[in-house]
2 protein chains.
Amino acid sequence: MDQSANTHATRALIELRKKIISGDLPGGMRLFEVPLAEDLKISRTPVREAMSRLAEEGLLDRVRGGGFIVRSFAMSDVIDAIELRGVMEGTAARLAAERGVEPEALASITECVRLLDACFGAGPGQVDFDAYEMLNARFHRELAALCGSETVRREVERASRLPFASPSAFLPNRADIDAFRRSLTGAQEQHRAIVSAIAGREGCRAEALAREHARTARHNLEYILVKDRSLIKRVPGLALVVAG
Amino acid sequence: MDQSANTHATRALIELRKKIISGDLPGGMRLFEVPLAEDLKISRTPVREAMSRLAEEGLLDRVRGGGFIVRSFAMSDVIDAIELRGVMEGTAARLAAERGVEPEALASITECVRLLDACFGAGPGQVDFDAYEMLNARFHRELAALCGSETVRREVERASRLPFASPSAFLPNRADIDAFRRSLTGAQEQHRAIVSAIAGREGCRAEALAREHARTARHNLEYILVKDRSLIKRVPGLALVVAG
DNA sequence: GGGATCGGTGGTGTATACATTCCGCGTCTG
DNA sequence: CAGACGCGGAATGTATACACCACCGATCCC
């Protein structure tokens, strides 16, 4: 079944994910098939299917004796998830540098960095945030794939999909634009450096840079959380933290 | 539903896993619900449930439009999976060292190392392999948990469960005992060093040691594969490689 | 003769009825 | 009074019938 398939299970998956992320279904809560099915006006079968996939995503835990509970997240989980993402991406970057990359893949990610540059306008607050976010996600996707290993790519992307470790999860809202732009230009410099290290076959440096990139993300998040939690965008998973 | 639950879905899960691992259901093969259900003398429902979990384990891939195919593994996937395991365990070890560990957790893993020591007899080939294997698995489980983060522990264990990255996956068969014992004593020294580094709060050293431990595993595997593939135990996933 | 359309077939998706299991509560008995 | 047995309800597990969709081949029309 395709993610885009127009099935009840897919709708249920999306609905439930939204409710978990929004805190509507709080962490630790047990989910029962019958009420959920009635809520969504469908039968238990697609609900089970949806819950099974949410368990795969890490949003639900299977419980002994059957059934699921909503996983609980804490601030420390976000920090750890970002740390892990950095480690995994660092490995992808190192392997890419050590093994070498296809010229076209390198060209593609280089182009991606160039496009990210183009998101920055002349003025201090002039950034095309939507474009940046999309391209940033693309950058991290291509980075994961650079090492040429399907296994590594798969696991690195999984680490990025940890509900709260999304590459853009730490981006603040449109408020506080100026400070945010500085943060983004810094991240962009790191993007460039990572690609450069990979192209130069400097494995250790590429790994360290990718880790540093995630660490910057973590610091930004911590800074924002301390300053004003309402600045956080409500992206998947992160809302849980803000709420809790 | 518990892993040990006596349900048709659980039986189907175990059966299918066995068939995939043994190569009976080869990589790339699409799995159809109806024939599998007939084979197992059950209905489609528990078969679906089982396939869904196998997808979670990484043995099956969901295919566009519905259904599953058996994932294909290559030698390079094994190498990469072991590499990733080392990176993840290295992270767990580093975090444990940086953040400090509960005394009882440290005592437990130290005891584990001591028990591993006890697996080695006086003679050159005298090793209690079964005990070693079980304790080795325990060591890696406890190592993953040492950092105190549920998120990290979960992902590290997942990396170890990659079907071909099991800590014991590279252990050769009971043949060639002497060379094998040397390999195990080396691994045991690494175990000891990792715990020591964590206890001494040497984060970087702990990380490097855990990585080195995995790298040793990889080299052993490569050596064995070159020398004689029949020496490999048929552990989950690895059989695929040996067969293919 | 070629292309479009219309079934047929084979597969998953869904609903639903029924089975089973687990847990809690009450009662009965020693 | 305490412990065990049993009953009942609530939840998941399972089977099955049917819906639906995609693919494919054959036929029919242009």
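Chain letters run A, B, ... following the sequence lines, proteins first, then strands; residues in each count from 1.
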Participant: Side chain of F32(B): nearest nucleotide among dG13(D), dT12(C), dT12(D)?
Facilitator: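 Between dG13(D), dT12(C), dT12(D), the one nearest the side chain of F32(B) would be dT12(C).
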Participant: With a 4.0 Å cut-off on N to O distance, would you call R154(B) and D61(A) a salt bridge?
Facilitator: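 A salt bridge is present here (some side-chain N lies under 4.0 Å from a carboxylate O).
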Participant: Taking all non-hydrogen atoms of both residues, which atom of V47(A) and which atom of S43(A) are closest, and how far apart?
Facilitator: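 In this case the closest contact between V47(A) and S43(A) is CG2-O, 3.5 Å.
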Participant: Could you write out each protein N or O paired with an N or O of nucleotides 15-24 of chain C at a distance under 3.5 Å?
Facilitator:
unit_1	atom_1	unit_2	atom_2	d
dA15(C)	OP1	H8(A)	ND1	3.4
dA15(C)	OP2	S43(A)	N	2.7
dA15(C)	OP2	S43(A)	OG	2.6
dA15(C)	O5'	S43(A)	OG	3.4
dA15(C)	N7	T45(A)	OG1	2.9
dC23(C)	OP1	R64(A)	NH2	3.1

Participant: Can you confirm whether R85(B) sits close enough to M88(B) that some side-chain heavy atom of one is under 4.5 Å from a side-chain heavy atom of the other?
Facilitator: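 With C-beta onward as the side chain, the pair stays apart.
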Participant: From CD of E49(B) over to C1' of dG13(C), roughly how many Å is that when rounded to an integer?
Facilitator: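 My rounded result for the distance is 16 Å.
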Participant: So, taking the atom named OH in Y132(B) and the one named CG in L116(B), what distance separates them when rounded to the nearest 0.5 Å?
Facilitator: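 One finds 6.0 Å between OH of Y132(B) and CG of L116(B).
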Participant: For dG13(D), does either OP1 or OP2 sit under 4.0 Å from a side-chain N or O belonging to R48(A)?
Facilitator: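 Answer yes for this pair, as a side-chain N or O of R48(A) is under 4.0 Å from OP1 or OP2.
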Participant: With E33(A), which residues qualify under salt bridge (Lys or Arg N to Asp or Glu O under 4.0 Å), at least two apart?
Facilitator: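 Checked E33(A) against salt bridge (Lys or Arg N to Asp or Glu O under 4.0 Å); matches are R44(A), R48(A).
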Participant: How many whole angstroms separate atom CG of L60(B) from atom P of dT12(C)?
Facilitator: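 About 13 Å, once rounded to whole Å.
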Participant: Output the rounded distance in Å from CG (L31(B)) to C1' (dG10(C)).
Facilitator: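 Rounded to the whole Å, the gap is 16 Å.
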Participant: Measure the distance from CE on M29(A) to P on dA11(D) and round it to the nearest whole Å.
Facilitator: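 Between P of dA11(D) and CE of M29(A): 12 Å.
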Participant: List the atom pairs, donor and acceptor, that lie under 3.5 Å between side-chain atoms in residues 98-113 of chain A and the rest of the protein, sequence neighbours left out.
Facilitator:
unit_1	atom_1	unit_2	atom_2	d
E98(A)	OE2	R94(A)	NH1	3.4
R99(A)	NH1	D80(B)	OD1	3.1
R99(A)	NH2	D80(B)	OD1	2.5
S108(A)	OG	R138(A)	NH2	3.4
S108(A)	OG	E142(A)	OE1	2.9
S108(A)	OG	E142(A)	OE2	3.0
T110(A)	OG1	L106(A)	O	2.6
E111(A)	OE1	R114(A)	NE	3.2
E111(A)	OE2	R114(A)	NH2	3.2

Participant: Starting at atom CD1 of I69(B), determine the distance to atom C1' of dG11(C), rounded to an integer number of angstrom.
Facilitator: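 Rounded to the whole Å, the gap is 16 Å.
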